[in-house]
Structure formats: C-alpha cells, structure tokens
Novice: 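Let me give you the structure first, and then I'll get to my questions.
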Amino acid sequence: MDSFTSNLFQRKVTVINRRTDSVISTGVYVAHSFWQKFRGLMGTSTLSKDEGMLFPRTHAVHMFFMRYPLLIVYLSTDFTVLQMIELNPWEVSPIVWDASWVLELPTSKNQEIFLGDTLQIFPTILAKSPDNK
C-alpha cells in the first residue's frame, strides 16, 4: 500500500472537483475495515453538507437502516466519476464493476459533480488547538 492510500485510511479526507477547482467536502470519512464498510452511515440521523463517506474497493452499497437519501458516486481508480445515483432509505445500489471507490454524499451535492469529472482526494488537515500542541 502506498503512502497516499495509507494516509486515506487513517483520517478524514477532503474532496475537490478538479474540473471546477471547488471543494466538495472536507469531512469525508474513509471506511477501511469490514465493519466500517458494513456499518457505513447506518443509524445516523443526518449528514451535514460537508460530510460523507468513501468506500475503497467497492462496487455497490446498501441503504438499510438509513433515515435520509444519499448521492452515490462511483469512481474509477483515478477518481473519475463513472456513475451517480440518488438512493433512498432501504434501497440497494446497482453494481458498477468498473468502480474502485464509492463516495456517499448529501443529495444537495448533485449539482457540484457530473459524469466524467475527476475528483481529487487528500487527507484533511485539521488545525490543532493550543491545548493539542
């Protein structure tokens, strides 16, 4: 595993649309373990406009026990958008075999990302408070 992928698995990531140079989100969690992938956002009551979840090595997701719809973005190995779909609670997404990553975002992000866009994903740098030197 390269250092870029290793860093993704340890913290939140920021997602930028390279076509527009706009920040999509700075609070995307990466689901790296089996349990994190299985649980995902299940049981959460809301998702802020700056949050999401990124699933590596994933071709489909489910919306079991979800309380709100999500924008599901299928990404290639180089983070190019292959397909997007809005899913409602209790639905199962289609399988996209060419996808290497699946990104879950609030449905309000559907006007910020389009098919063929390339996203840039990098670890979110969190400012330390004076107490956390």
Side-chain angles (χ1 to χ4, degrees):
M1 182 178 338
D2 61 33
S3 63
F4 173 75
T5 305
S6 161
N7 283 336
L8 286 180
F9 293 153
Q10 296 176 12
R11 49 181 72 115
K12 289 183 187 178
V13 294
T14 295
V15 178
I16 293 177
N17 186 327
R18 293 183 68 188
R19 177 180 57 83
T20 61
D21 286 328
S22 61
V23 175
I24 302 299
S25 177
T26 59
V28 173
Y29 295 92
V30 180
H32 56 89
S33 70
F34 171 81
W35 176 247
Q36 289 169 332
K37 286 182 177 183
F38 174 77
R39 183 165 185 259
L41 296 168
M42 258 191 313
T44 59
S45 57
T46 61
L47 188 65
S48 81
K49 66 181 178 84
D50 202 37
E51 291 180 317
M53 186 160 261
L54 182 65
F55 297 85
R57 297 176 299 282
T58 302
H59 308 284
V61 295
H62 67 82
M63 296 286 287
F64 302 142
F65 305 102
M66 291 296 296
R67 299 179 182 152
Y68 50 90
L70 288 172
L71 176 65
I72 308 301
V73 183
Y74 297 90
L75 303 167
S76 67
T77 55
D78 67 350
F79 301 107
T80 298
V81 177
L82 302 173
Q83 186 173 334
M84 297 184 342
I85 186 170
E86 286 188 24
L87 282 184
N88 292 310
W90 295 98
E91 292 183 333
V92 176
S93 76
I95 298 170
V96 178
W97 292 110
D98 291 338
S100 294
W101 304 83
V102 172
L103 177 62
E104 294 181 344
L105 295 168
T107 56
S108 62
K109 298 292 183 175
N110 67 356
Q111 296 303 310
E112 298 178 38
I113 303 171
F114 294 93
L115 292 178
D117 283 355
T118 300
L119 306 182
Q120 184 176 4
I121 299 176
F122 57 92
T124 299
I125 301 190
L126 302 174
K128 290 185 179 181
S129 69
D131 298 337
N132 293 339
K133 297 179 183 178

Novice: Whether the side chain of Ser93 engages the backbone of Val61 through a donor-acceptor N/O pair (distance < 3.5 Å, no angle test) should be reported.
Specialist: yes

Novice: Are any non-hydrogen side-chain atoms of Leu105 and Ile113 less than 4.5 angstrom apart?
Specialist: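 Leu105 reaches Ile113 side chain to side chain.
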
Novice: Show the nearest heavy-atom pair for residues Ser76 and Trp101, with the distance to one decimal.
Specialist: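 In this case the closest contact between Ser76 and Trp101 is O-CD1, 3.3 Å.
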
Novice: Could you report the tightest heavy-atom contact between Tyr68 and Pro89, atom names first, then the distance?
Specialist: N-CG, 3.6 Å

Novice: Just checking, is any N or O donor in the side chain of Thr26 or Asp50 under 3.5 Å from an acceptor N or O on the other one?
Specialist: yes

Novice: How long is the span from the CG atom in Leu119 to the CG atom in Leu54, to the nearest 0.5 Å?
Specialist: 9.5 Å

Novice: List the residues meeting salt bridge (Lys or Arg N to Asp or Glu O under 4.0 Å) with Glu112, not counting sequence neighbours, and say none if there are none.
Specialist: Lys109

Novice: Just verifying a value: how many Å separate Thr80 OG1 and Asp98 CG, rounded to the nearest 0.5 Å?
Specialist: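 It is 12.0 Å, given to the nearest 0.5 Å.
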
Novice: Kindly compute the distance separating CD1 (Ile95) from OH (Tyr74), expressed to the nearest 0.5 Å.
Specialist: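 OH of Tyr74 is found 8.5 Å from CD1 of Ile95.
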
Novice: Taking atom CD1 of Ile72 and atom CE of Met63, what is their separation to the nearest 0.5 Å?
Specialist: 5.5 Å

Novice: List the atom of Thr58, the atom of Pro56, and the distance in Å for their closest heavy-atom pair.
Specialist: OG1-O, 2.9 Å

Novice: Can you run down the salt bridge (charged side-chain N to carboxylate O under 4.0 Å, His left out) pairs that involve residues 60-73, sequence neighbours left out, and say none if there aren't any?
Specialist: none

Novice: Show the nearest heavy-atom pair for residues Pro106 and Lys49, with the distance to one decimal.
Specialist: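 Answer, listing the atom of Pro106 first, then Lys49: CG-CA, 4.0 Å.
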
Novice: Is Gln120 close to Val15 at the side-chain level, that is, under 4.5 Å between some pair of heavy atoms?
Specialist: no

Novice: Can you confirm whether Leu70 sits close enough to Leu87 that some side-chain heavy atom of one is under 4.5 Å from a side-chain heavy atom of the other?
Specialist: no

Novice: Does atom CH2 of Trp90 have more than 12 heavy-atom neighbours from other groups under 6.0 Å away?
Specialist: yes

Novice: Where is the tightest heavy-atom contact between Pro94 and Ile85, given as atom of each residue plus distance?
Specialist: CD-CD1, 3.9 Å

Novice: How far does CG of Leu47 sit from OG of Ser108, to the nearest 0.5 angstrom?
Specialist: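 Going from CG on Leu47 over to OG on Ser108, the span is 8.5 Å.
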
Novice: If a pair satisfies salt bridge (charged side-chain N to carboxylate O under 4.0 Å, His left out) and one of its residues is in residues 17-30, list it, with sequence neighbours excluded.
Specialist: Arg19-Asp117

Novice: Give a yes or no on whether the backbone of Ala99 and the side-chain of His59 come within a donor-acceptor separation of less than 3.5 Å.
Specialist: yes

Novice: Please report the interatomic distance OG1(Thr107) to CE(Met84), rounded to the nearest 0.5 Å.
Specialist: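 So the gap between those two atoms works out to 11.5 Å.
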
Novice: Indicate yes or no: at least one non-hydrogen side-chain atom of Val73 is less than 4.5 angstrom from one of Val102.
Specialist: no

Novice: Which heavy atom of Asn88 sits nearest a heavy atom of Pro69, and at what distance?
Specialist: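 Of all heavy-atom pairs spanning Asn88 and Pro69, the closest is OD1-CB, 3.5 Å.
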
Novice: Decide yes or no for Phe114 and Asn17: does some side-chain heavy atom of the first lie under 4.5 Å from some side-chain heavy atom of the second?
Specialist: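 No, side chains not in contact.
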
